[in-house]
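One structure below.
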Number of protein chains: 2
Amino acid sequence: MADAKIKNMEEFAAISGISRPTVSKYFHDPNSVRKSTRERIEAALEQYEYRPNIFAVNQNRKLTKTIGILVPYLADPFFAEIARNIERRCIDAGYRPTLFSAHGSSDFEVEILDSLRSLKPAGVLLAPLGRISDKSAIEAFCRDVPTVLFDSNIEGMGEAFVGSDNYSFVSQTVEYLSRVGEPPSFFEMRNPANPNANKRRHAYIAMMERLGLDPHVIQIDGTGWGFEEIGRKGALKLLEEKALPTDTVLCSNDRLAIGFLSACFEKGVHVGRKVGCDLRVASHDDHPFSRFTCPSLTTAAHDYTAVSNHAVETLFRLIESGGKLERREESLFAAHLIMRASA
Amino acid sequence: MADAKIKNMEEFAAISGISRPTVSKYFHDPNSVRKSTRERIEAALEQYEYRPNIFAVNQNRKLTKTIGILVPYLADPFFAEIARNIERRCIDAGYRPTLFSAHGSSDFEVEILDSLRSLKPAGVLLAPLGRISDKSAIEAFCRDVPTVLFDSNIEGMGEAFVGSDNYSFVSQTVEYLSRVGEPPSFFEMRNPANPNANKRRHAYIAMMERLGLDPHVIQIDGTGWGFEEIGRKGALKLLEEKALPTDTVLCSNDRLAIGFLSACFEKGVHVGRKVGCDLRVASHDDHPFSRFTCPSLTTAAHDYTAVSNHAVETLFRLIESGGKLERREESLFAAHLIMRASA
DNA sequence: ATCAAAATTTTACGCGCGTAAAAAAATAAT
DNA sequence: ATTATTTTTTTACGCGCGTAAAATTTTGAT
């Protein structure tokens with residue numbers, strides 16, 4: 001492997017004593033050539049350093065081995081975590097994942113979709129921004145490129161959607177909170193960027209009514225992706241105005257809850273389920289940091305692994321079947337409750 | 001722009017009434033062709049949708065417009081934040097950034113470097129894992145690809161290093177803490193993955209000695225990138241054994257501090273600089289979440305913008321000068337103290 | 001040994017574009 | 001109008017590889 005460098009496949013084929021078309025076949029799929037030739041190629045591969053030029057390969061192959069991954073906001077550890085899982089699986093399956101973040105901007109999202117298109121990826125895993133996404137741009141993209149949506153669903157777009165079952169999240173938290181103490185109010189942003197937020201609100205209301213309880217939805221102002229700060233500001237206002245209808249708050253997501261808890265601490269409000277506490281706070285997502293909040297956050301956790309696995313597997317299936325599925329698939333995974341100190 | 005799609009540059013040239021070599025020249029640099037022809041091309045560009053095939057372009061051009069960005073751990077919002085800044089600037093400058101994360105593993109790091117090499121990028125911005133990095137692999141990579149290191153320095157590798165001045169961080173926190181209260185102990189991991197940690201420890205000791213104070217370095221066990229959990233475990237042990245030498249703790253970085261604060265809360269230890277508090281805790285980095293800890297974290301902040309800007313600009317300069325700099329450059333940016341409630 | 005099946009080699013073309021060289025055209029300067 | 005200069009066109013080759021078709025070799029079973 002320390003010998004002179006090989007320029008191209010022609011040269012490498014000559015050295016390994018195999019014809020170029022066969023070598024080409026080998027790189028496409030090592031098992032497509034006879035064992036003895038495979039071994040000869042691999043022997044040469046160990047002596048000489050050669051890898052096919054990826055640009056020439058991609059130009060000529062109908063199907064690239066690239067998989068695009070686009071998430072709305074990579075600085076959110078939740079997406080970073082999912083992306084990590086997905087990347088891993090793609091690599092294991094012999095694909096080359098390329099990761100993009102829309103950085104919370106729909107302009108960026110469209111721009112990335114555009115440059116993703118020119119990469120001619122075998123498939124794309126797309127977690128759209130949601131409400132502010134340019135729907136028509138996404139729809140056009142999905143028509144051209146085999147795409148599986150995840151995290152946020154947009155009706156009818158992509159060949160499949162894989163995400164979490166928001167009803168499962170909320171029903172578990174609401175059930176637990178109201179069984180053990182006062183029923184929860186629901187704390188959320190007035191104009192949530194993410195469609196999951198709406199589903200969670202509806203699930204909250206439905207669940208409360210099923211339990212014969214009065215739903216209280218508290219909506220706070222704020223835009224953008226600085227959820228913690230939005231939650232903190234909203235909570236500060238509520239606490240100052242003593243406007244909380246119950247002593248239990250269920251936040252739409254963990255990042256809002258992180259802000260909420262920080263506001264409580266500032267105001268000297270004791271959060272927790274122990275005696276002497278003023279307030280219980282729970283939430284959804286099991287954000288990587290939620291176990292380090294003060295107090296640690298009771299939350300409903302995504303089945304990260306199941307979601308990312310199934311998203312990737314669905315995409316592989318989609319790719320193998322030529323970019324089209326019989327019918328659009330929707331897969332939702334249940335949450336599981338993680339009881340910590342906050343509620 | 002809704003007209004029939006163009007297959008290749010040949011076709012597009014025919015339609016726009018310009019010869020293909022000239023069109024090629026235009027896409028390389030629009031200002032390299034006469035104004036009148038530029039306008040004709042751009043007029044055609046508005047009517048017909050055409051973009052040069054990126055693979056064919058990259059195969060034939062000596063220099064790609066790709067810039068590789070590799071960070072050690074993208075699930076750490078600190079790196080996500082830096083990556084966001086860098087991506088932005090690269091796009092603005094007409095490059096195509098591609099982001100990779102080593103996910104904390106040196107195997108991954110080498111693997112990514114390898115696939116990065118085959119992308120023939122114009123340049124690479126590399127934040128190495130640090131201690132566990134495969135130095136020889138990185139060195140070999142830097143020889144082949146114009147590379148600027150950032151965040152963690154590895155002596156002699158890459159054409160330049162851009163990062164923060166650890167001494168500036170620590171001197172400010174130590175000075176402040178010991179001026180206002182009891183001098184701090186230094187809380188860190190025994191075997192830090194990141195070389196900055198070592199520099200911070202040395203800076204702490206030097207600064208304490210300069211102030212005529214006794215340094216106390218507390219080293220805790222733990223490996224990997226789950227710093228919060230490591231910090232929490234370490235702090236729990238310290239608090240249980242009442243092993244803290246002073247009532248002021250300076251953590252090596254914010255993620256450790258987040259864990260420390262969570263342990264304090266669990267143990268009922270009151271952190272803050274107000275009267276009645278048991279402990280002051282400060283740290284370094286200004287992690288995106290450090291303002292939402294309980295209490296909010298006093299910390300020394302990176303000049304994120306300056307670091308990412310200067311890293312990118314250095315890389316551009318490096319690219320323009322053909323991949324070599326007169327001599328290796330090292331640029332360090334000062335921190336600024338952010339006073340919050342924890343100390 | 002015989003023969004069909006499977007794998008490989010030979011040969012050749014195409015992908016979409018960069019780019020060099022010479023000829024032609026357009027522009028600017030005198 | 002003439003000449004010098006800049007820009008564009010024509011022509012042609014190369015990049016590294018995919019892939020098709022026909023010829024050849026190897027393999028495995030009889």
Side-chain angles (χ1 to χ4, degrees), chain A residues 4-45 48-66 94 96 115 117-122, chain B residues 4-45 48-66 94 96 115 117-122:
Chain A
K5 275 208 180 170
I6 273 60
K7 214 183 58 185
N8 55 26
M9 196 180 278
E10 193 81 51
E11 248 181 69
F12 178 77
I15 284 174
S16 57
I18 305 285
S19 74
R20 190 175 69 74
T22 307
V23 170
S24 170
K25 220 176 156 211
Y26 167 84
F27 278 109
H28 186 87
D29 174 13
N31 288 315
S32 67
V33 302
R34 200 191 294 143
K35 195 180 165 210
S36 60
T37 56
R38 183 166 57 243
E39 278 164 359
R40 285 171 69 188
I41 293 178
E42 274 158 4
L45 222 38
Y48 302 88
E49 200 174 316
Y50 167 74
R51 297 181 55 169
N53 179 309
I54 192 172
F55 301 115
V57 171
N58 283 341
Q59 180 179 19
N60 294 306
R61 236 215 288 273
K62 53 212 80 173
L63 218 61
T64 296
K65 274 291 189 181
T66 304
R96 318 174 95 266
S115 84
R117 191 188 250 115
S118 71
L119 283 178
K120 302 190 201 304
Chain B
K5 274 210 179 166
I6 274 59
K7 212 184 58 184
N8 54 26
M9 195 181 278
E10 193 82 52
E11 249 180 68
F12 178 76
I15 283 174
S16 58
I18 305 285
S19 76
R20 190 176 69 75
T22 307
V23 170
S24 170
K25 222 177 155 212
Y26 166 86
F27 278 110
H28 187 87
D29 173 13
N31 288 314
S32 68
V33 302
R34 199 191 294 141
K35 196 182 163 208
S36 60
T37 55
R38 183 165 58 242
E39 279 162 358
R40 284 171 71 189
I41 293 177
E42 274 158 4
L45 222 38
Y48 303 88
E49 200 174 315
Y50 168 73
R51 297 182 56 169
N53 180 309
I54 192 172
F55 300 114
V57 171
N58 282 343
Q59 180 179 19
N60 294 306
R61 236 216 288 274
K62 53 212 81 173
L63 218 61
T64 296
K65 275 290 189 181
T66 303
R96 317 174 96 267
S115 83
R117 191 189 251 114
S118 70
L119 283 178
K120 301 188 202 307

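These numbers come from a predicted model, not from an experiment. Labels below follow one simple rule: chain letters A, B, ... track the order of the sequence lines, proteins then strands, and each chain is numbered from 1.
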field: Rounded distance (nearest 0.5 Å) linking atom NZ of B:Lys7 with atom CG of B:Asn53
entry: 12.0 Å
field: Gap separating the CZ atom of A:Arg96 from the CG atom of B:Leu119, nearest 0.5 angstrom
entry: 5.0 Å
message: So which atom in A:Ser118 and which in B:Ile54 form the shortest heavy-atom distance, rounded to 0.1 Å?
response: O-CG2, 3.4 Å
- prompt: Does anyone know the first and last nucleotide of DNA chain C in reach of chain A, 5' to 3', at under 4.0 angstrom to a heavy atom?
  reply: C:dA7 to C:dG16
Salt bridge (Lys or Arg N to Asp or Glu O under 4.0 Å) partners for A:Glu11, two or more places apart: none
What protein N or O atoms touch nucleotides 4-9 of chain D N or O atoms at under 3.5 angstrom, if any, and at what distances?
residue, atom, partner, partner atom, Å
D:dT8, OP1, B:Arg34, N, 2.9
D:dT8, OP1, B:Thr37, OG1, 2.6
D:dT9, OP2, B:Ser19, N, 3.0
D:dT9, OP2, B:Ser19, OG, 2.8
D:dT9, OP2, B:Thr22, OG1, 3.0

- line: Output for pair (A:Arg61 CZ, A:Lys120 NZ), nearest 0.5 Å, gives 14.5 Å
task: Looking at every strand, decide which applies to A:Tyr50 at a 4.0 Å heavy-atom threshold: base, sugar-phosphate, or nothing.
output: sugar-phosphate
- request: Look up atom CG in B:Leu45 and atom CD in B:Glu39, then write down how far apart they are to the nearest 0.5 Å.
  value: 13.5 Å
- request: Among B:Arg38, B:Glu42, B:Arg40, find the residue that satisfies the side chain to side chain donor-acceptor pair (under 3.5 Å) test when tested with B:Tyr26.
  value: B:Glu42
message: Would you call the rings of B:Phe27 and B:Phe12 parallel, tilted or perpendicular, taking 30° and 60° as the class edges?
response: tilted
